Amino acid sequence: MKSEYQIEYRTNGIPKVFEFYLFVNPLGRQCFNCERELTKTIDLISAKTDVHILCFHNQSIVTEFMNRFGIPSTDLTSRNHIYRSVYLASLAYKAASMQGKKKGRRFLMEMQSRIVGQLERFSDEFILDLAEEIGLDLQTFVDDLESDYVKHLLQKDQQIARDMNVESTPALVMFEHRLGERGVLLEGSFKAQNILSHLDFLIELDYLNDLNKPKLSLIAKRKTD
């Protein structure tokens, strides 16, 4: 539900249009919380928005995940298990999204909320039960989950993350359509207020653009405190 009082973003009377790329660990607690904060932010603003939630993983992210669970980073058996689990969860989210963006988002958030702090619950059976519970066509889901096409789409998401200088999760990249490829990157756990502050920065970039100031870098990396 949209907030009764919303923040308006305009430059010279022209409404802003924002695009968000949120990169997540599909089994991560912080990422789940940040997804909710992004949803809260969108409810607070009147601007049109386009949201993309993409899974991203690498060995550094796996190491951080292991640290949160108190697992030694030198435990190769656990490392391989966690890496495979995160990869499978990412594929499952992508496969679920093939049946609609809303169903994909619901699948992701349900998966995260149920696995938080209990990685041992994650399994092939868990994925199939969840897919059936939220109303996915199960055979289509399984076919997509095992397809080369979905694997290719997931690889494209990894490349998008690298192109945007994303190195960890959660990470949020924000664009305003008048600025083209110039945007801001918010890394680490964040709240709605952090996002709003970065949107203010995007408005400032747009103002400087109107004044014909020199072009800024593709991604302005701004980290939370």
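Just so you know, these numbers come straight off a predicted model, no measurement behind them. Below, all heavy atoms of this structure are taken into account, side chains as well, without hydrogens, waters or symmetry copies.
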| Verify same cluster id: Met109, Leu22 (apolar side-chain graph, 4.5 Å) | no

| message | How long is the straight-line distance from CG of Asp200 back to NE2 of His198, given to the nearest 0.5 Å? | response | 10.5 Å

| field | Set of side chain to side chain contact (heavy atoms under 4.5 Å, CB included) partners for Cys34, sequence neighbours left out | value | Pro170, Ser189, Phe190

| task | Kindly indicate whether the side chain of Ile195, heavy atoms from C-beta on, has any atom under 4.5 Å from the side chain of Leu186. | result | yes

| field | Atom CD of Gln118: over 12 foreign heavy atoms under 6.0 Å | value | yes

| Mind checking whether Leu185 and Met164 have side chains closer than 4.5 Å, heavy atoms only? | no

| Would you say Leu88 and Leu145 make side-chain contact, with heavy atoms under 4.5 Å? | yes

| request: With the side chain counted from C-beta on, respond yes when Ile115 and Phe32 share a heavy-atom pair under 4.5 Å apart, and no when they do not. | output: no

| said: Quick one, Asn194 with Leu172, criterion side chain to side chain contact (heavy atoms under 4.5 Å, CB included). Give me CA distance, side-chain angles, the key distance, then yes/no. | reply: CA-CA 11 Å; Asn194 299 119; Leu172 179 64; over 6 Å; no

| Considering residues at least two apart in sequence or located in another chain, which fulfil the ring-ring contact (aromatic ring centres under 6.0 Å, His included) criterion with Phe141? | Phe107

| message | Distance alone, cut at 3.5 Å: any donor-acceptor contact between the side chains of Thr63 and Arg79? | response | yes

| query | Taking C-beta and beyond as the side chain, do Val173 and Val184 meet within less than 4.5 Å on heavy atoms? | reply | no

| What pairs with Gln158 under side chain to side chain donor-acceptor pair (under 3.5 Å), at least two apart in sequence or on another chain? | none

| task | Could you tell me the separation between the CG atom of Leu119 and the CD1 atom of Ile71, rounded to the nearest 0.5 Å? | result | 7.0 Å

| Taking side chain as C-beta onward, heavy atoms only, is Tyr149 less than 4.5 Å from Asp144? | no

| request: Please identify each residue that fulfils salt bridge (Lys or Arg N to Asp or Glu O under 4.0 Å) with Asp50, with sequence neighbours left out. | output: Lys101

| task | Please report the shortest heavy-atom distance between Phe65 and Gly28, naming the atom on each side. | result | CE1-CA, 4.2 Å

| request: Could you note down all residue pairs passing ring-ring contact (aromatic ring centres under 6.0 Å, His included) where residues 83-103 supplies at least one of them, sequence neighbours left out? | output: His57-Tyr83, His57-Tyr87

| request: To the nearest 0.5 angstrom, please state how far the OG1 atom of Thr169 sits from the CG atom of Asn25. | output: 5.0 Å

| field | Heavy-atom pair of closest approach, residues Val24 and Glu35 | value | CG1-OE2, 3.6 Å

| said: Taking the basic N atoms (NZ, or NE/NH1/NH2) and the acidic carboxylate oxygens, is any pair closer than 4.0 Å for Arg114 and Glu133? | reply: yes

| remark: Minimal heavy-atom distance between Pro26 and Gln112, with the atoms involved, is O-CG, 2.9 Å

| said: Which residues pass the side chain to side chain contact (heavy atoms under 4.5 Å, CB included) test with Asn58, not counting sequence neighbours? | reply: Phe56, Ser60, Ile61

| query | Rounded to the nearest 0.5 Å, what separation is found between the CG atom of Leu108 and the SG atom of Cys55? | reply | 6.0 Å

| Are any of the side-chain heavy atoms of Val62 and Met66 separated by less than 4.5 Å? | yes

| field | Gap between atom CZ of Phe20 and atom OG1 of Thr41 - 0.5 Å precision | value | 7.0 Å

| field | Gap between atom CG of Leu54 and atom NZ of Lys156 - 0.5 Å precision | value | 11.0 Å

| said: I'd like to know whether Ser90 forms a side chain to side chain contact (heavy atoms under 4.5 Å, CB included) with Val86, so could you lay out the CA-CA distance, the side-chain angles of the two residues, the decisive distance to 0.1 Å, and finally the verdict. | reply: CA-CA 6 Å; Ser90 300; Val86 171; 4.3 Å; yes

| message | Restricting to ring-ring contact (aromatic ring centres under 6.0 Å, His included), what partner residues turn up for Phe122, sequence neighbours left out? | response | none

| message | For the residue pair Gln193 / Glu37, report whether a side-chain donor-acceptor contact shorter than 3.5 Å exists. | response | no

| remark: Residues at least two apart in sequence or cross-chain that pass side chain to side chain contact (heavy atoms under 4.5 Å, CB included) with Arg29, listed by chain then number, are Asn33, Val116

| field | For Lys191, salt bridge (Lys or Arg N to Asp or Glu O under 4.0 Å) partners two or more places apart | value | none

| message | For His52, give me all partners under ring-ring contact (aromatic ring centres under 6.0 Å, His included), at least two apart in sequence or on another chain. | response | Tyr21

| said: Go through it in stages, so that I can follow the logic: the residues are Ile53 and Arg105, the test is side chain to side chain contact (heavy atoms under 4.5 Å, CB included), and I'd like the CA-CA distance, side-chain angles, deciding distance and then a yes or no. | reply: CA-CA 8 Å; Ile53 299 181; Arg105 297 271 178 81; 3.5 Å; yes

| Quick one: does Thr140's side chain have a donor or acceptor within less than 3.5 Å of a partner on Leu136's backbone? | no

| task | For Arg106 and Lys103, run side chain to side chain contact (heavy atoms under 4.5 Å, CB included): C-alpha distance rounded to whole Å, both residues' side-chain angles, the deciding distance at 0.1 Å, then the answer. | result | CA-CA 5 Å; Arg106 184 183 171 196; Lys103 286 187 176 180; 5.6 Å; no

| request: Check side chain to side chain contact (heavy atoms under 4.5 Å, CB included) between His177 and all other residues, then give those that pass, not counting sequence neighbours. | output: Val17

| Are any non-hydrogen side-chain atoms of Glu8 and Lys16 less than 4.5 angstrom apart? | no

| message | Just to verify, what does Asp157 make a side chain to side chain donor-acceptor pair (under 3.5 Å) with, not counting sequence neighbours? | response | Lys94

| field | Under 3.5 Å donor-acceptor, Ser113 side chain and Glu110 backbone | value | yes

